[in-house]
Amino acid sequence: MVEELLVHVCGCMFGSHADASGHFSPCAQRTQHQSTAMSRTTFFEVKVLDAKTKEQLCFLDKVDPRSTIGDIKSLFHKAYPRWYPARQALMLDAKDKSLRDEAVLQNLPVGTAATMYFSDLGPQLGWTVVFLAECIGPLLTYLLFYFRVPYIYSHKYAFTSSPHPVVRVAFACHSLHYMKRLIETIFVHRFSHGTMPLRTIVRNCVYYWGFSAWLAFCINHPLYTPPSYGELQVNYALVIFVMCELGNFSIHLTLNNLRGDGSRSRRFPEPTKNPFTWLFIFVSCPNYTYELGAWVGFSIMTQCLPVAFYTLLGFIQMTIWAKGKHRAYSREFKDYPTLRMAIIPLIL
């Protein structure tokens, strides 16, 4: 008995495959299993080509099969420091869509010798910078026209104020809208590590800043005509605007708190005790619904054609975004409410 115990201990210490009776010991079996697992590990070779010229840019040897596309971008970044990960687009074919950073190498339709194509997305900026740039511009631009600085209108009207109260109300509403967006950007929104190309940011800023200047030019113009129904129209429109702004802010808070409990499981947003969130019963993206309502109210308040045109363009773009989000929710969650529409309750 003592001899068998000594043989078993020695077998574990020195990697013996069998004990004195000829049977494999548990320790030896574990050692054999670990050796087999290590021998079965297959590393990948990743070759990165330029999507345009098909020239080989980088060759990555012994890549762990559990590596993600984000890991591969980091390795590629070491070879080419000027192309940081956010600037890279990696594809399995030069004409395919860019692979997601979360995609795992061994789950892709590639062999152990994978070929990927690289495309430069250009300079990138984080979403916080994007939102700040898009919001600060309209806020400051409107001020120039509201205070009628020289060379915008006639010198006769330089630094004068409009006699129509609606102009002051419109200025307060426009400023409130963009100040709210700035506050949400800094304190409410949770941005991923995603970025936006610099050229897209410039295009967006031209859109927001340009429209803000056009709206402000017309509303603060010395020849501006107030709404047809006067104070009654302005007051009703002001109520619509304020209610929709509060609703939009409430929805953003709800979306921000969706993972406030620390859970990593994804959930779709649902109504809370806040009445403004009850719109989730009918639409998937009530933040866009409230945003649209606010601009409709602003259009009625000012009775200005450029404002109505800006609202229409915003409605078209937000509908595209809302439909995409609605389809994503429907695909991801089998129990997603069928009553919900994308942006307009029971309609769209």
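In what follows, every heavy atom counts, from backbone to side chain, and hydrogens, waters and symmetry copies are set aside. Keep in mind that this is a model prediction, so the values were computed, not measured.
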If you round to the nearest 0.5 Å, how far is CG of Leu105 from CG of Leu60? 10.0 Å

Distance in Å, Ile240 CD1 paired with Ile300 CD1, rounded so as to fall on 0.5 Å steps: 4.5 Å

Do Ile344 and Phe282 sit in the same hydrophobic cluster, where Ile, Leu, Val, Met, Phe, Trp and Tyr count as joined when their side-chain heavy atoms come under 4.5 Å apart? no

With a distance cut-off below 6.0 Å to the six-membered ring centre and an angular limit of 45° from the axis, does Arg181 pair with Tyr208 as a cation-pi contact? yes

Exercise: identify the closest heavy-atom pair between Trp278 and Thr272: NE1-O, 2.9 Å

For a 4.5 angstrom cut-off between non-hydrogen side-chain atoms, does Ile219 reach Val307? yes

Pair Leu132-Ile186, side-chain contact (heavy atoms from CB on, under 4.5 Å): steps then yes or no: CA-CA 9 Å; Leu132 291 176; Ile186 299 172; 4.3 Å; yes

Run the ring-ring contact (aromatic ring centres under 6.0 Å, His included) check on His77 and Tyr84 step by step: do they pass? CA-CA 5 Å; His77 174 54; Tyr84 44 89; 7.1 Å; no

Could you tell me whether a side-chain N or O of Asp71 sits under 3.5 Å from a main-chain N or O of Ser67, the two making a donor and an acceptor? no

Side-chain contact test, heavy atoms from C-beta onward, threshold under 4.5 Å: evaluate it for Leu49 versus Glu55 and give yes or no. no

Would you please test Arg331 and Tyr336 for side-chain contact (heavy atoms from CB on, under 4.5 Å) and show each step? CA-CA 9 Å; Arg331 285 195 304 265; Tyr336 194 69; over 6 Å; no

For a quick test of reading the model, state the closest non-hydrogen atom pair linking Glu102 to Thr68 and the distance between them. O-CG2, 4.0 Å

For the side chain of Thr289 and the backbone of Ile343, is there at least one donor-acceptor N/O pair under 3.5 Å apart? yes

For residues Phe76 and Val48, report the shortest heavy-atom separation together with the two atoms involved. CE1-CG1, 3.8 Å

Hey, does Tyr290 have a side-chain heavy atom less than 4.5 Å from the side chain of Leu279? yes

To the nearest 0.5 Å, how far apart are CG in Leu144 and OH in Tyr151? 14.5 Å

How are the rings of Phe211 and Trp214 set relative to one another: parallel (under 30°), tilted (30 to 60°) or perpendicular (over 60°)? tilted

Please report the C-alpha distance between Arg66 and Asp64 in whole Å, then the side-chain angles of each, then the deciding distance to 0.1 Å, and finally whether the salt bridge (charged side-chain N to carboxylate O under 4.0 Å, His left out) criterion is met. CA-CA 5 Å; Arg66 294 164 296 183; Asp64 193 301; 3.1 Å; yes

Under 30°, 30 to 60°, or over 60°: which ring-plane class applies to Tyr310 and Trp295, parallel, tilted or perpendicular? perpendicular

I need the minimum non-hydrogen distance between His326 and Ser284, along with the two atoms involved. ND1-OG, 2.6 Å

Kindly assign one of parallel, tilted or perpendicular to the pair His221 and Phe217, based on the angle between their ring planes and the thresholds 30° and 60°. perpendicular

From CA spacing to verdict: side-chain contact (heavy atoms from CB on, under 4.5 Å), Thr112, Glu45: CA-CA 6 Å; Thr112 55; Glu45 296 177 351; over 6 Å; no

Straight-line distance of Phe43 CZ to Lys62 NZ, nearest 0.5 Å: 7.0 Å

Can you tell me how far apart CZ (Phe145) and NE2 (His174) are? Round to the nearest 0.5 Å. 11.0 Å

Cluster overlap Leu223 with Leu215, hydrophobic side-chain contacts below 4.5 Å: no

Do Thr254 and Thr277 pair up side chain to side chain, a donor and an acceptor below 3.5 Å, judged on atom types alone? no

Who passes ring-ring contact (aromatic ring centres under 6.0 Å, His included) against Tyr229, sequence neighbours left out? none

Would the Phe159 and Phe147 ring centres measure less than 6.0 Å apart? no

I'd like to check the ring-ring contact (aromatic ring centres under 6.0 Å, His included) partners of Phe315; sequence neighbours left out, ordered by chain and number. none

Do the non-hydrogen side-chain atoms of Leu139 and Met179 ever get within less than 4.5 Å of each other? yes

Under a 3.5 Å distance rule, please check whether Asn248 uses its side chain to pair with a backbone N or O of Cys244 as donor and acceptor. no

For Trp83 and Phe118, take the angle between the two ring planes, folded into 0 to 90°, and tell me which bin it lands in: parallel under 30, tilted 30 to 60, perpendicular over 60. tilted

Report the C-alpha distance between Met91 and Lys97 in whole Å, list the side-chain angles of each, state the deciding distance to 0.1 Å, and finish with yes or no for side-chain contact (heavy atoms from CB on, under 4.5 Å). CA-CA 6 Å; Met91 304 152 287; Lys97 292 183 178 180; over 6 Å; no

Would you name the heavy atoms of Leu346 and Met341 that are closest together and state the gap between them? N-CG, 3.4 Å

Write down the atom of Tyr178, the atom of Glu134, and the distance for their closest heavy-atom approach. CE2-O, 4.4 Å

Could you pull out all residues at least two apart from Tyr146 that satisfy ring-ring contact (aromatic ring centres under 6.0 Å, His included)? Phe171

